[in-house]
**Student:** 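Mind having a look at this structure? Questions to follow.
All values below come from the heavy atoms of this structure, side chains included, with hydrogens, waters and symmetry mates left out. Naming: A, B, ... by sequence-line order, numbering from 1 per chain. Small disclaimer: the values here were computed from a predicted structure and weren't measured.
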There are 2 protein chains.
Amino acid sequence: MEKRSELLPGTLDMLILKTLARAPLHGYGIALSIKRISEDVLTVEEGSLYPALQRLLLKGWVKAEWKKTETNRRARYYSLTAAGRKQLGIELSQFEQMMAAIGRVLQET
Amino acid sequence: MEKRSELLPGTLDMLILKTLARAPLHGYGIALSIKRISEDVLTVEEGSLYPALQRLLLKGWVKAEWKKTETNRRARYYSLTAAGRKQLGIELSQFEQMMAAIGRVLQET
DNA sequence: CCGCATATATAGACCATCTATGGATAGAGT
DNA sequence: ACTCTATCCATAGATGGTCTATATATGCGG
């Protein structure tokens, strides 16, 4: 059959920012969280996740800190910056606007 | 400011198929229709539209026919095939599933 | 000590979309 | 006549996000 993306392209940064807005997390945890909350519909591949986190770091929307996990492993914890929180707001409103627009096209008889 | 796509990537084929499901249209008309119905939020650039139509033709989801427009111009009218109608249904349900999943992630407190 | 889940990261491929063109014609306005 | 604008098609090349594949490393349970 058709091979499809596990993600709606263009939404990954927003999903990461939103996940981090709840609590700081390491990369692996972000992927697990999105997968779990989306009920396995959205799967963030490592090859998408880590480049995305690098982008977000470069833009100053998240910051990173090496720590130990509860299970005593080394992991890089990411958290939202003030700029990241602002950016999340922007992306959410743009996303909603776009969804509303797509909805209009899809519902037009 | 941030430069962003005028479209949510991954939705173009679906929007075209849905537009053609209402009535056959030429390329330019498809772009105008989506722009109008979305109230100027979604803009389909020509460099996105025509390659997309070629893809859809190759997959057999639309067929094309040269005709005259009401204003006496030559134009290529695209219309949905049976396979295209089926494909539209598939894409709509996948899209809704994905939107529901994204919604769960975005609404999680 | 073996296997598995946890954890980070990069290189390269792929593909959809955008930018930038190029071309053609009907009709309106001057 | 002439020009301008909107209508109409199409492609080449750049861009950029996501995926596949790979590499590395470690804590823990059996």
**Student:** I'd like to know if the side chain of B:T19 reaches the main chain of B:I30, judged simply by a donor and an acceptor atom lying under 3.5 Å from each other, with no hydrogens or angles considered.
**Tutor:**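 Flag not set: sc B:T19 to bb B:I30 has no pair under 3.5 Å.
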
**Student:** Of all the choices, D:dT7, C:dA7, C:dT10, which nucleotide is nearest to the side chain of A:A75 once you look at every atom?
**Tutor:**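 Of the candidates, C:dA7 comes closest.
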
**Student:** Tell me which of B:T71 and B:R74 sits closer to the 5' end of DNA chain C, going by the nucleotide each one is nearest to.
**Tutor:**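 Checking each residue's closest nucleotide, the 5'-ward one belongs to B:R74.
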
**Student:** Roughly, in whole Å, what's the span from CD in B:E91 to P in C:dA16?
**Tutor:**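 So the two atoms are 11 Å apart, to the nearest Å.
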
**Student:** Please work out if B:Y78 contacts a base, only the sugar-phosphate, or nothing of the nucleic acid, heavy-atom cut-off 4.0 Å.
**Tutor:**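 Sugar-phosphate only.
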
**Student:** Give the rounded distance in Å between these two atoms: CG of B:L49 and P of C:dT19.
**Tutor:**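 From B:L49 CG to C:dT19 P: 15 Å.
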
**Student:** With a 3.5 Å cut-off and no angle check, do the side chains of B:S79 and B:K63 form a donor-acceptor pair?
**Tutor:**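 Indeed, the side chains of B:S79 and B:K63 share at least one donor-acceptor pair under 3.5 Å.
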
**Student:** Same cluster or not: are A:L8 and A:I16 linked, directly or through other Ile, Leu, Val, Met, Phe, Trp or Tyr residues, by side-chain heavy atoms under 4.5 angstrom apart?
**Tutor:**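 Yes, A:L8 connects to A:I16 through the hydrophobic network.
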
**Student:** Determine the contact category for A:G47: base if any of its heavy atoms lies under 4.0 Å from a base atom, sugar-phosphate if only primed atoms, P, OP1 or OP2 are that close, otherwise nothing.
**Tutor:**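 Base, at least one base heavy atom under 4.0 Å.
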
**Student:** Of the listed nucleotides (C:dT19, C:dT8, D:dC9), which one gets closest to any side-chain atom of B:E45?
**Tutor:**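 It is C:dT19.
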
**Student:** In whole Å, I'd like the distance from the CD atom of A:Q54 to the P atom of D:dG17.
**Tutor:**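 It works out to 14 Å between those atoms.
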
**Student:** Can you measure A:L53 atom CG to C:dT10 atom P for me and round it to whole angstrom units?
**Tutor:**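 The distance from CG of A:L53 to P of C:dT10 comes to 11 Å, rounded to the nearest Å.
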
**Student:** Starting at CG of B:L42 and ending at P of C:dT17, how long is that distance when rounded to a whole Å?
**Tutor:**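 Atom-to-atom, B:L42 to C:dT17, this comes out as 12 Å.
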
**Student:** Under 4.0 Å, heavy atoms only, any strand: does A:R76 hit a base, just the sugar-phosphate, or nothing?
**Tutor:**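 Sugar-phosphate, backbone atoms only, no base.
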
**Student:** Ignoring the backbone of A:R73, work out which of D:dA6, C:dA5, C:dA16 is nearest its side chain.
**Tutor:**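 Side chain of A:R73 sits closest to C:dA5.
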
**Student:** Base, sugar-phosphate, or nothing for B:G29, non-hydrogen atoms under 4.0 angstrom?
**Tutor:**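 B:G29: no heavy atom of the nucleic acid under 4.0 Å.
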
**Student:** Is any side-chain nitrogen or oxygen of A:S48 closer than 4.0 Å to OP1 or OP2 of D:dC19?
**Tutor:**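 A:S48 to D:dC19 OP1/OP2: side-chain N or O found under 4.0 Å.
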
**Student:** Determine: side-chain N/O of A:T69 to OP1/OP2 of C:dA7, distance under 4.0 Å, yes or no.
**Tutor:**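 Looking at the OP1 and OP2 atoms of C:dA7, one of them is under 4.0 Å from a side-chain N or O of A:T69.
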
**Student:** Would you call A:E39 and B:R104 a salt bridge, using N to O less than 4.0 angstrom?
**Tutor:**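 Here A:E39 pairs with B:R104 in a salt bridge, since their nearest N and O are under 4.0 Å apart.
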
**Student:** Of the candidate nucleotides C:dT8, C:dC18, C:dT17, which contains the atom at the shortest distance from the side chain of B:E6?
**Tutor:**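 Nearest to the side chain of B:E6 among the choices is C:dC18.
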
**Student:** Nearest-Å distance, CG (A:D13) to P (D:dG17)?
**Tutor:**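 The answer, rounded to whole Å, is 7 Å.
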
**Student:** C:dA26 C1' sits how many Å from B:K68 NZ, rounded?
**Tutor:**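 It works out to 10 Å between those atoms.
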
**Student:** Measure from the side chain of A:Y50, starting at C-beta and using heavy atoms only, and say which of C:dT10, C:dG27, D:dA6 lies closest.
**Tutor:**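 Closest nucleotide among those given: C:dT10.
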
**Student:** Quiz question: going by heavy-atom distance under 3.5 Å, is there a donor-acceptor pair between the base of D:dA10 and the side chain of B:E46?
**Tutor:**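 Yes.
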
**Student:** Can a salt bridge be assigned to the pair A:E108 and B:R22 using a cut-off of 4.0 Å between side-chain N and carboxylate O?
**Tutor:**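 A salt bridge is absent here (no side-chain N lies under 4.0 Å from a carboxylate O).
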
**Student:** What is the distance, rounded to the nearest whole Å, between atom CG of B:L58 and atom P of D:dA10?
**Tutor:**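 Result: 13 Å.
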
**Student:** Among C:dA9, D:dT18, C:dT6, find the nucleotide with the atom closest to the side chain of A:L12.
**Tutor:**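 Of the options given, the side chain of A:L12 lies nearest D:dT18.
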
**Student:** About how many Å separate CZ of A:R85 and CG of A:L20, when rounded to the nearest 0.5 Å?
**Tutor:**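 Spacing of CG (A:L20) from CZ (A:R85) equals 10.0 Å.
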
